[in-house]
Structures are given as C-alpha cells and as structure tokens.
**Student:** 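Below are the structure tokens for one structure; questions will follow.
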Number of protein chains: 2
Amino acid sequence: MAAATLKNIQKCPTSYVLAIQDTLNAFQGKWKMPIIGTLLFGKKRFKEIEREIPKITPRMLSQELKDLEMNGIISRTVYATSPVTVEYELTKSGKQLSKVVEAMLEWGLQHRRANMLELLPILQTKTA
Amino acid sequence: MAAATLKNIQKCPTSYVLAIQDTLNAFQGKWKMPIIGTLLFGKKRFKEIEREIPKITPRMLSQELKDLEMNGIISRTVYATSPVTVEYELTKSGKQLSKVVEAMLEWGLQHRRANMLELLPILQTKTA
DNA sequence: TATAGCAGTATACTTTAGTATACTGCTATC
DNA sequence: GATAGCAGTATACTAAAGTATACTGCTATA
C-alpha cells in the first residue's frame, strides 16, 4: 500500500479523484493551513490560535474550526469551567496531514531552488 | 535532505512557510488540480485539455495555464503551423508535483477509511 | 462556399470568500 | 463598580473567483 498508487489511478478513478479532493478541501481557503499548522504543535484554545495567526478574525477562525471539525480533522473539547474552556486538537487522521504538509514543503523548497537557478543568469546580466 | 524537514521548521520559519505557500498556490482554485492531473499523463494541446476537463470554459483554462506557466509549473510550446499548434507540458519541477498528489491521495484514502469506520455504527442503527 | 475545428480573447455578470465592526454572557481582577 | 479576558455570534459589507455568451483569425474538409 505504501507507494505508487497514482499510476493505478485508471483502475479506480472516481474514488481516487474524491480522495484527492478531500485532501484539497482540508486546506481550502486562506486560513486552514495556518490553523492546521499551528495545531500540529499541539492542542490549543480558541484565543491562543487567534493570537498565533496574525490578522485572522474570530468569525473566520470560528467558521474554519467548525469546518475542520465536521470533516473529522480536528476535535473540539469543552470543559465545564465558567466561563467555558474550549480546546481544539487534531484528530488521529488530522495529524496524518503532516505527511502531506511535509511533501508540500519538500516540493516548495526544490521548486524555489530550481527557479532561482533559472533566474540567476538574468540577475547577473542586470548587475554586470 | 530526504525526510522530516517539518520538525526543523523553527530553524527557518519564513522560508518554510513560503515554500508551503508556493505548493498551495500551485493547486489553488477550482481548476489547477484537474489541469496538472491531466498533464501528469503527458503533454497536451489546449483543446485536448478542454475536452478532458468537463465544464471548464476556455477563459478559465487559458487563465490557469498562464498562471501555471508563470509559476514555472508548465511550459508552452508553439509550433509554427497554420493555424498554430500549441502544446502544454509539465516542467521538470511540475512533474515533481506527482509526489505531492501522491501524498494527498494516500491521506484522502486513509481519511475516508477512518471516517467510514466511524460512521458504520450510525448506519447500522439506522438500518436496524 | 458554408461548416467545423484550433487557440484563444472580450465583456458582462453571478457567486463565493473574506473583512469590518459591534455585540453577547460569563467571571476574575483592579 | 469598571475593565479585561474568554469563546464566540450577528449584520453588513467588499473583494476575489468563477460563469455565460459571443467573438477573433486561420484553414481543412464537406
């Protein structure tokens, strides 16, 4: 099961396309990646997340947290304190997203290296 | 260089965040994944891509192809036939996106399996 | 000579995503 | 008794993304 499922896509196109769609959905919009990213470092409360993600509004954060919860990526735990304490945490499945993020990081880094090498001659004629 | 760059993110947060952002950008919007997906099977002409992606309009296809070209993910080759023949192909870097798609596929499949197991008891009480 | 296919572009529009601002009830601290 | 923090919600708005429809010049085929 480990590798090269992609080349078998013609065997089962529909469910493969749906699976990829699901992953894309997990990161959709401006705020889901930062939220997942910050929760990869451990469970956090609403205000903590809000503080760690610059410029996010409580409306957006609330909306995205609900969305991620509905999709089984995070779980929400309410503690019966007063006022209530609420903690958000990645589910088992949510934590597995680190593998996808890892692949994204790897690609992004190599892509930047590749593009830099391509731009280098241009930069040299500019400074020469 | 192979693995576990994520846990070193605190060493170099900015460039890591930018790298992940780049990858996210590569797939941004409704149409980039289908376009990249179809080009992973080989170079194609404009109308071919249009035919293979249901409901895409030429305006959207044109816009997204330009975007992907500017980002160094695909290359555009014009042949001096009349009328012109144009071929789109993934760049070396673009082809590497298959690794990311692979990771997305893998996560999506496992996530669906996990969620199905979770929903199974509910389905059973419904049908019982 | 009319029609269809290629590789798109132009204009106008609708839909969705995201922002701004103000507000809720609750309680601990100043 | 006023203020601040928690965990959000409500209303109104702007900006971005995507759609619909029609059109271009070119040429091979019917």
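All of these numbers come straight from a predicted model, not from anything done at the bench. We name chains A, B, ... by the order of the sequence lines, and we start the count at 1 in each one.
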**Student:** Can a donor-acceptor pair be found, under 3.5 Å and without considering hydrogens, that links the side chain of Lys44(B) to the backbone of Thr38(B)?
**Tutor:** yes
**Student:** I want to check one thing: is the phosphate of dG8(D), taken as OP1 and OP2, less than 4.0 Å away from some side-chain N or O of Arg76(A)?
**Tutor:** yes
**Student:** Nearest-Å distance, CZ (Phe46(A)) to C1' (dC26(C))?
**Tutor:** 16 Å
**Student:** Are any non-hydrogen side-chain atoms of Arg113(A) and Leu109(A) less than 4.5 angstrom apart?
**Tutor:** yes
**Student:** Is any side-chain nitrogen or oxygen of Arg45(A) closer than 4.0 Å to OP1 or OP2 of dA7(D)?
**Tutor:** yes
**Student:** Go through dG18(D), dG8(D), dT19(C) for me and flag the one nearest to the Met60(A) side chain.
**Tutor:** dT19(C)
**Student:** Could you work out which one of dG18(D), dT19(C), dG8(D) sits closest to the side chain of Lys30(B)?
**Tutor:** dG18(D)
**Student:** Rounded to the Å, how far apart are Gln63(A) CD and dG18(C) C1'?
**Tutor:** 8 Å
**Student:** What's the closest nucleotide to the side chain of Ser62(B) if the choices are dT11(C), dG8(C), dC6(D)?
**Tutor:** dG8(C)
**Student:** To the nearest 10 degrees, what angle separates the axes at the start and end of the helix from dT1(C)-dA30(D) to dC30(C)-dG1(D), five pairs each?
**Tutor:** 10°
**Student:** Mind calculating the distance between NZ (Lys55(B)) and C1' (dT21(D)) to the nearest angstrom?
**Tutor:** 16 Å
**Student:** Report the nucleotide, chosen from dG25(D), dG8(D), dA20(D), that has the shortest atom-to-atom distance to any side-chain atom of Pro83(B).
**Tutor:** dG25(D)
**Student:** Atom CE in Met60(B), atom CG in Asp67(B): separation rounded to 0.5 Å?
**Tutor:** 10.5 Å
**Student:** Any side-chain N or O of Arg51(A) less than 4.0 Å from the OP1 or OP2 oxygen of dC6(D)?
**Tutor:** yes
**Student:** Keeping the roles fixed (side chain from Glu48(A), backbone from Arg45(A)), state whether a donor-acceptor pair exists under 3.5 Å.
**Tutor:** yes
**Student:** Once hydrogens and angles are ignored, does a donor-acceptor distance under 3.5 Å link the base of dT11(D) to the side chain of Arg59(A)?
**Tutor:** yes
**Student:** Which part of the nucleic acid, if any, lies within contact of Tyr79(B), taking any heavy atom under 4.0 Å across all strands shown: a base, the sugar-phosphate backbone alone, or nothing?
**Tutor:** nothing
**Student:** Within the structure, does a side-chain N or O atom of Lys66(A) lie under 4.0 Å from either OP1 or OP2 of dA7(D)?
**Tutor:** no
**Student:** Starting at CD of Glu52(A) and ending at P of dA7(D), how long is that distance when rounded to a whole Å?
**Tutor:** 13 Å
**Student:** Hey, mind stepping through Phe27(B) and Met104(B) against side-chain contact (heavy atoms from CB on, under 4.5 Å) and telling me if it holds?
**Tutor:** CA-CA 12 Å; Phe27(B) 293 113; Met104(B) 287 181 170; 4.1 Å; yes
**Student:** Hey, which sits more toward the 5' end of DNA chain C by its nearest nucleotide, Lys47(B) or Gly29(A)?
**Tutor:** Lys47(B)
**Student:** Give the rounded distance in Å between these two atoms: CG of Asp67(A) and C1' of dT16(C).
**Tutor:** 13 Å
**Student:** Could you check which of dG8(C), dT19(D), dG8(D) has an atom nearest any side-chain atom of Trp31(B)?
**Tutor:** dT19(D)
**Student:** Consider the side chain of Tyr88(A), meaning its heavy atoms from C-beta on, and name the nucleotide among dG8(D), dC6(D), dA12(C) that approaches it most closely.
**Tutor:** dG8(D)
**Student:** Closest heavy-atom contact between Ser93(B) and His111(A)?
**Tutor:** OG-ND1, 2.6 Å
**Student:** In whole Å, what is the span from the CD atom of Gln28(A) to the C1' atom of dA17(D)?
**Tutor:** 11 Å
**Student:** Knowing that exactly one of Leu39(B), Asn25(B), Leu90(B), Ile74(B) qualifies, which makes a side-chain contact (heavy atoms from CB on, under 4.5 Å) with Leu68(B)?
**Tutor:** Ile74(B)
**Student:** Could you tell me the separation between the CG atom of Leu65(B) and the C1' atom of dA7(C), rounded to a whole number of Å?
**Tutor:** 11 Å
**Student:** Using a cut-off of 4.0 Å on non-hydrogen atoms, how would the nucleic acid contact of Ser82(A) be classed: base, sugar-phosphate, or nothing?
**Tutor:** sugar-phosphate
**Student:** Just by modelled atom types, is the Thr91(A) backbone N or O under 3.5 Å from a matching donor or acceptor in the Lys95(A) side chain?
**Tutor:** no
**Student:** Using whole Å, report how far CD1 of Ile74(B) lies from P of dA7(C).
**Tutor:** 14 Å
